[in-house]
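If you read the sequence from its start, that first residue is 1, and numbering goes on from there. Please read all numbers here as calculations on a predicted model, not as lab measurements.
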Amino acid sequence: MSQINMSDAGPAASSGDRRLVHPGPVDPMRIASCEGHARRVEVAFRPGQTLLEAVTEALGAAGLAAGGLEFENVAFSPMEYVMPTYSETPERVAYYSKTHKPEGVVRIERAYATVGEREGETFLHCHALWREDDGTVRGGHLWPHMTRIAEPGSGVLYGVSGARMAATYDPETNFTLFQPSAGDASAGDAGPRAVIARVRPNEDMIEAIEALCARHGFKDAIVRSGIGSIVGLRFEDGLANDEPPTELAVLNGKVTTGPDGHPKADVEIALIDASGDVHIGKPVRGDNPILISLELVVEETAS
């Protein structure tokens with residue numbers, strides 16, 4: 001496993017005006033990652049299964065322990081989810097809303113998840129987008145063990161062989177969060193190099209992705225999965241929001257080598273605010289500090 005300390009991760013202080021103070025001690029290692037090889041696995045969704053059951057089955061059949069999941073046009077009934085909100089106590093800087101349980105079938109337009117484990121069992125951190133009856137796009141954090149598949153569908157798991165992603169207690173944020181580590185080396189070394197990573201609070205989102213690629217020597221890469229939160233938002237099109245509670249998913253992300261020889265990230269995200277409203281855009285480099293965590297699966301591509 002590789003770890004990047006604050007100086008390696010770039011000038012996070014450029015986002016300093018919106019950085020938040022978390023309840024626990026600041027961990028000096030701001031980006032943790034584990035390198036392996038990318039494997040693409042089809043995930044079948046069968047009616048009656050929970051989302052968690054479907055992914056557990058595919059993960060076990062592939063002999064993988066960690067990765068990023070993506071799926072589109074999948075119907076759920078019932079579906080349970082929460083949204084980001086303010087914490088009612090100083091024990092955390094943000095928290096989850098009450099659980100929402102929409103009636104009938106909800107058809108997910110796009111969803112993304114980090115796949116790993118918690119207490120020895122498969123665990124998902126899933127952010128999804130869907131359209132309500134009036135056409136409004138909404139979003140939230142799905143509870144995968146309570147969300148059940150209503151119609152046949154499929155998804156894609158971008159696994160990272162030889163890596164684990166285990167949810168453990170994090171003293172800095174006072175949350176249980178995914179943390180990467182080395183896994184079963186016998187999982188295979190075929191396929192392009194890939195890393196699974198976790199970025200800690202107050203590091204700039206774009207700079208962290210660039211620092212991760214520099215650390216692993218990726219000259220060109222694609223962000224296969226990115227799940228997390230930032231403090232409000234600053235988009236390149238001028239959209240800004242100072243309300244800290246958010247959740248996000250990376251919709252598209254590429255990293256190339258700039259003229260200066262350093263990685264340059266071009267990333268588009270969907271951001272869900274505390275009202276459940278969805279904002280889509282490209283984060284401004286240097287002005288979008290991580291709120292709680294950012295989980296990444298990044299795959300090296302040919303130059």
Got a donor-acceptor contact below 3.5 angstrom from the [X] side chain to the [Y] backbone?
{"X": "T246", "Y": "V231", "answer": "no"}
{"X": "R138", "Y": "S275", "answer": "yes"}
{"X": "R118", "Y": "T176", "answer": "no"}
{"X": "T122", "Y": "T56", "answer": "no"}
{"X": "N73", "Y": "R107", "answer": "no"}
{"X": "S161", "Y": "H37", "answer": "yes"}

Q | side-chain contact (heavy atoms from CB on, under 4.5 Å) partners for R234, two or more places apart | A |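 Here the qualifying residues are R18, A240, D242, V284, D287, N288.
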Q. What pairs with K101 under side-chain contact (heavy atoms from CB on, under 4.5 Å), at least two apart in sequence or on another chain?
A.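 Checked K101 against side-chain contact (heavy atoms from CB on, under 4.5 Å); matches are E80, T99.
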Side-chain contact, heavy-atom cut-off 4.5 Å: [X] with [Y]?
{"X": "R46", "Y": "E53", "result": "no"}
{"X": "F235", "Y": "I269", "result": "yes"}
{"X": "K98", "Y": "V82", "result": "no"}
{"X": "V298", "Y": "L212", "result": "yes"}
{"X": "I280", "Y": "E268", "result": "yes"}
{"X": "V267", "Y": "M205", "result": "yes"}
{"X": "I108", "Y": "F71", "result": "yes"}
{"X": "F76", "Y": "Y81", "result": "no"}

Q | Closest contact, heavy atoms only, C34 versus S181 | A |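 Minimum heavy-atom contact is SG-O, 3.4 Å.
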**Q.** Donor-acceptor side-chain pairing of S293 and R198 below 3.5 angstrom
**A.**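 Indeed, the side chains of S293 and R198 share at least one donor-acceptor pair under 3.5 Å.
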Q | Side-chain donor-acceptor pair present, D134, T136, cut-off under 3.5 Å | A |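 The answer is yes; a qualifying pair exists.
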(Q) I need the single residue from H22, R200, E247 that forms a side chain to side chain contact (heavy atoms under 4.5 Å, CB included) with I292. Which is it? (A)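 Only one option passes, and that is H22.
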Q: State which residue, out of D204, L248, L291, fulfils the side chain to side chain contact (heavy atoms under 4.5 Å, CB included) condition with I230.
A: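 Exactly one candidate clears the test, L248.
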Q: Using the salt bridge (charged side-chain N to carboxylate O under 4.0 Å, His left out) rule, pick out the option among R40, R224, R39 that qualifies with E299.
A: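 Only one of R40, R224, R39 forms a salt bridge (charged side-chain N to carboxylate O under 4.0 Å, His left out) with E299, namely R224.
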Q: Compute both the distance and the angle, then confirm whether R193 meets the cation-pi test with F218: under 6.0 Å from the six-membered ring centre, within 45 degrees of the axis.
A: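 Ring-cation test returns no.
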Q.
In this structure, is the centre-to-centre distance between the rings of H141 and Y96 below 6.0 Å?
A.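 Ring centroids of Y96 and H141 are less than 6.0 Å from each other.
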Q: May I have the step-by-step check of salt bridge (Lys or Arg N to Asp or Glu O under 4.0 Å) for E35 and R215, ending in yes or no?
A: CA-CA 11 Å; E35 183 176 320; R215 176 75 175 189; over 6 Å; no
Q: Using the six-membered ring wherever Trp is involved, compare the ring planes of H127 and H125 and label them parallel, tilted or perpendicular (cut-offs 30° and 60°).
A: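 Perpendicular, since the angle between the ring planes exceeds 60°.
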**Q.** Interatomic distance, N252 atom CG to K282 atom NZ [nearest 0.5 angstrom]
**A.**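 Rounded to the nearest 0.5 Å, the CG-NZ separation comes out at 8.5 Å.
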